[in-house]
Student: 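Please read through the structure below; I'll follow up with questions.
Below, all heavy atoms of this structure are taken into account, side chains as well, without hydrogens, waters or symmetry copies. Residue numbers count from 1 along this sequence.
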Amino acid sequence: MYIKIVRHFDEVTLFCSLQGFIFSTPCHAVFAFLNPLLIGVIQVKFQGTAQSPFQTSLPSMWAFLLATIIYCFAFAANMRFKCTRYSRLSGHVAFFAGSFSSISLVSVLLPALPGRLIFAAWIILPIMVARNFVQFICLWIYQTIMTLIFKILGFWYWFLNDMSVEEQAEYHVENLEIIIAN
């Protein structure tokens, strides 16, 4: 899918490919709805108790706060860098941070072991999204190795051909001398 933006006065045309663009307004809407909902459920869970979520689930709450701050900055960067390679990167960062903030809140609501296991399940998400990036890195490594091998082989064949040219030159000179002597 391509978007074409044209300004009337200076005729600047910008084409922006959205294929593979992971972050969009629906993801933002989900995080904007889900996180306040989870915060409300946590408030209800801890209502009437002497403890707060920061006392019972300190790492999860700090993870939530840090992920939310990263999400806000990444979302702002995504809005700032529309249709550039930075927008795709900031979109991925916002998606991961937003999902991590939601997972952190869900882990507060769960008992200790399932709360930790949900973080392990979240690890699969970046791997699935980064599949294309991992394929790109593997292809780049393969191409680099093959280029290096071909350069070494090219140098080796050049070296062998250079030696054979010297041997051939000597052979031809000897043959010429024999022919002239006869």
Side-chain angles (χ1 to χ4, degrees), residues 1-47 52-110 114-147:
M1 174 180 191
Y2 289 94
I3 294 176
K4 181 178 179 181
I5 301 171
V6 179
R7 288 191 213 167
H8 296 290
F9 296 107
D10 45 2
E11 296 296 316
V12 175
T13 305
L14 175 66
F15 292 99
C16 176
S17 171
L18 294 179
Q19 183 179 1
F21 185 67
I22 191 165
F23 189 73
S24 61
T25 304
C27 290
H28 174 65
V30 167
F31 297 136
F33 171 75
L34 184 60
N35 285 354
L37 176 71
L38 290 172
I39 289 172
V41 171
I42 290 172
Q43 285 177 343
V44 169
K45 179 182 177 183
F46 285 94
Q47 187 176 12
S52 74
F54 281 97
Q55 292 171 337
T56 59
S57 305
L58 183 64
S60 294
M61 292 305 293
W62 279 111
F64 162 72
L65 290 175
L66 182 63
T68 302
I69 290 169
I70 292 171
Y71 171 76
C72 291
F73 282 116
F75 185 71
N78 188 324
M79 300 304 288
R80 169 77 170 92
F81 299 118
K82 286 247 186 243
C83 298
T84 64
R85 63 181 161 170
Y86 300 116
S87 109
R88 186 170 183 171
L89 176 66
S90 63
H92 286 318
V93 170
F95 180 75
F96 293 138
S99 62
F100 192 74
S101 69
S102 298
I103 292 295
S104 299
L105 289 176
V106 169
S107 73
V108 171
L109 296 171
L110 297 175
R116 290 187 185 104
L117 288 178
I118 200 164
F119 284 111
W122 179 83
I123 297 288
I124 296 170
L125 179 69
I127 292 170
M128 288 179 0
V129 171
R131 178 178 51 95
N132 288 338
F133 181 70
V134 170
Q135 287 176 343
F136 172 76
I137 293 295
C138 290
L139 181 64
W140 178 79
I141 290 171
Y142 171 76
Q143 287 176 343
T144 304
I145 290 171
M146 293 307 291
T147 302

Student: Nearest 0.5 angstrom please: Leu65 CG to Ile70 CD1, how far?
Tutor: 11.0 Å
Student: Look up atom OH in Tyr71 and atom CZ in Phe95, then write down how far apart they are to the nearest 0.5 Å.
Tutor: 10.5 Å
Student: Determine the interplanar angle of the Phe54 and Trp62 rings, folded into 0 to 90°, and report it as parallel if under 30°, tilted if 30 to 60°, perpendicular if over 60°.
Tutor: perpendicular
Student: Restricting to non-hydrogen atoms, name the atom on Lys45 and the atom on Leu109 that form the minimum distance, rounded to 0.1 Å.
Tutor: NZ-O, 3.5 Å
Student: Measure across Ser101 and Gly98 and return the closest heavy-atom pair with its distance rounded to 0.1 Å.
Tutor: OG-O, 2.7 Å
Student: With rounding to the nearest 0.5 Å, note down the distance linking CG in Leu117 to CG in Leu110.
Tutor: 9.5 Å
Student: Using every non-hydrogen atom in the two residues, find where Ser99 and Trp122 come nearest and quote the distance to one decimal.
Tutor: OG-NE1, 2.8 Å
Student: How far does CG of Leu105 sit from OG1 of Thr68, to the nearest 0.5 angstrom?
Tutor: 7.0 Å
Student: Considering non-hydrogen atoms only, spot the tightest contact between Gly115 and Ser107 and give its length.
Tutor: O-CB, 3.4 Å
Student: Anything under 3.5 Å between a donor and an acceptor, one on a side chain of residues 136-146, the other on a protein residue two or more places apart or in another chain? List them.
Tutor:
residue, atom, partner, partner atom, Å
Thr144, OG1, Trp140, O, 2.7

Student: A side-chain contact here means heavy atoms from C-beta on lying under 4.5 Å apart; do Asn35 and Phe64 qualify?
Tutor: yes
Student: Which heavy-atom pair separates Phe31 from Ser102 by the least distance, and what is that distance?
Tutor: CD2-OG, 3.8 Å
Student: Give, for atom CD1 of Ile42 and atom OG of Ser60, the distance between the pair rounded to the nearest 0.5 Å.
Tutor: 9.0 Å
